[in-house]
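To start, the structure under review is shown below, and the notes come after it.
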Amino acid sequence: MSFPLLTATAALPALGAVATAAVPAARRTATKWLALLVSVGTLVLSAIQLVRFEPGGARYQLTESHAWIKDFGVRYELGVDGIGVALIGLTALLIPFIIAAGWHDADPLETNSSRWRPTQGFFALILAVEAMVVLSFEATDVFLFYILFEAMLIPMYFLIGGFGDRAAPSQSGAAAPGHGDEAAATQRSYAAVKFLLYNLVGGLIMLAAVIGLYVVAGSFSLNEIAAARANGSLHMATNTERLLFLGFFFAFAVKAPLWPLHTWLPNAMGEATAPVAVLITAVVDKVGTFAMLRFCLQLFPEASKWATPVIVVLAVISIIYGALLAVGQRDIKRLVAYASISHFGFIIMGIFAMTTQGQSGATLYMINHGISTAALMLVAGFLISRRGSRLISDYGGVQKVAPALAGTFLIGGLATLSLPGLAPFVSEFLVLVGTFSRYPAAGVVATLGIVLAALYVLVLYQRTMTGPVKAEVQGMPDLKVRELLVVAPLIALLIFLGVYPKPLTDIVNPAVRQTMSDVQEKDPNPVVEAAK
């Protein structure tokens, strides 16, 4: 029996979460190092997955299959395609940086012992989320995926509500001692409950669709359902397929998030610590867009094509709406949140453009957005922790006192606006080309998102980093060694993948071609006007 690599990659952070939670409360440093070592070990296992994965081989590789709940036909069934193995790599790559960036986020507050925060719980919850996300990218049993899809909400709820941002939105007009803490706790609780309720509603609708799929197909196995479709033994009525598709898509659109189901994200990212905000948008939310490719298009190809025009319109609205609201934001973290809504619009538009370029670009966008958002948000978190405020107006002239911080902030921002030479540019370009070839009007309107991205990123940099040095930032320290070790590799990766994206495209393109085959779509022929 071969070594169960996929199980091991998810089991290591799960066991690490248990071990981290069991460390005595007084040994906070040991807790942090244990969590970091576990995350690095998971990264090593994900790298082994990438090495063993053969892009030109079978669709699902490194497979595992064991009986789980026999009476209901549920199996513990795992397998990775090029998209899944790439996203597992992204997750395993980001978690060590998230842990290192949040090194002091759960330290006790000596000035007020009643606000002590359990360090063990913070890092254990991060590892638990990593385990569930990795396993969700590996699951090829629909019911197993659903369990993971819902279970990851629990640790995320506690990370948002229990370990919120210590920085107030503004230093001006602060509440009286005690009342400010109480108001901040109330806002964190509101954000956590809103996150949970939105995603639970989506999950409950998906559960009904999962049950309906089992009634129709007689199996939860993605492989068995695909085989039954191929040999003609599975017949699904048109209306049934459409209803099941909508049940799955609704849950994934909440997680993604897609307009108008997006409103939980700015609250969650605004109230969470910067590392947890990265965990939300760069890791957890990718499960939603990944699932659109793996489940919606593969299980319900005809319904996917039927819904495509409406979904493309919603994606374009997300792009423009998110960018417009980012332009008008006064809060740094909420600006990044609305920018992410705009970026997820590009990802979903690329998926449902039903072209090879669009889906390849969307897959690359998931990875590149994760890296660029992590770089920008983590540097923003370092900035906010120094000043104690999230308001843009509370900054000015930072580049004169902290040039390394300002420089990394600028590169992260330029990646967010998809500057040529940085990784997101390649993916955004492919999405727009793929969309324009089938939906030219949507492609043209979506390009406005690029213009707006340049506006909100450059204005943010101008207002915070340039101009006269404000008195409150006069003594602001530059990035420390630990912070540079967090940010520098992400910046280097953005530049490398911007110049040479071939390692990623070689992995994901075969999986994209399989997905295009599932929906029986071919790329439109280019229109060439005859010479006059």
Report summary line: Here the gap from Leu196 atom CG to Leu153 atom CG, rounded to the nearest 0.5 Å, amounts to 6.0 Å

**Report entry** Euclidean distance, Thr289 OG1 relative to Ile347 CD1, rounded to 0.5 Å
**Finding:** 5.0 Å

Query raised in the report: Can you find a heavy atom in the side chain of Phe145 that is under 4.5 Å from one in the side chain of Met206?
Result: yes

Query raised in the report: Out of Glu64, Glu138, His66, which one pairs with Thr7 under the side chain to side chain donor-acceptor pair (under 3.5 Å) rule?
Result: Glu64

What about [X] and [Y], are their ring centers closer than 6.0 Å?
{"X": "Tyr157", "Y": "Phe195", "value": "no"}
{"X": "Phe249", "Y": "Phe352", "value": "yes"}
{"X": "Phe344", "Y": "His262", "value": "no"}

Indicate whether any N or O donor in one side chain lies under 3.5 Å from an N or O acceptor in the other, for [X] and [Y].
{"X": "Gln49", "Y": "Thr9", "answer": "yes"}
{"X": "Gln120", "Y": "Thr20", "answer": "no"}
{"X": "Ser360", "Y": "Asn509", "answer": "yes"}

Judged by atom type as modelled, is there a donor-acceptor pair below 3.5 Å linking the side chain of [X] to the main-chain atoms of [Y]?
{"X": "Ser318", "Y": "Trp259", "value": "yes"}
{"X": "Trp264", "Y": "Asn199", "value": "no"}
{"X": "His343", "Y": "Thr416", "value": "yes"}

Where do [X] and [Y] come nearest, in terms of heavy atoms and distance?
{"X": "Val486", "Y": "Ala100", "value": "CG2-CB, 3.6 Å"}
{"X": "Thr119", "Y": "Arg28", "value": "OG1-CD, 3.1 Å"}
{"X": "Ile83", "Y": "Ala511", "value": "CG1-CB, 3.8 Å"}
{"X": "Ala139", "Y": "Leu148", "value": "CB-CD1, 4.4 Å"}
{"X": "Gln61", "Y": "Leu6", "value": "O-CD1, 4.2 Å"}

Query - Pair Arg294 + Asp518: basic N to acidic O under 4.0 Å - result: no

Query - Arg482 atom CZ, over 12 foreign heavy atoms within 6.0 Å - result: yes

Report task. With Pro424 as reference, evaluate Asn368, Leu364, Leu417, Leu497 under the side chain to side chain contact (heavy atoms under 4.5 Å, CB included) test and give the passing residue. Result -> Asn368

Report task. Tell me, please, whether Phe149 has Lys255 positioned over its six-membered ring: NZ or CZ under 6.0 Å from the ring centre and within 45 degrees of its axis? Result -> yes

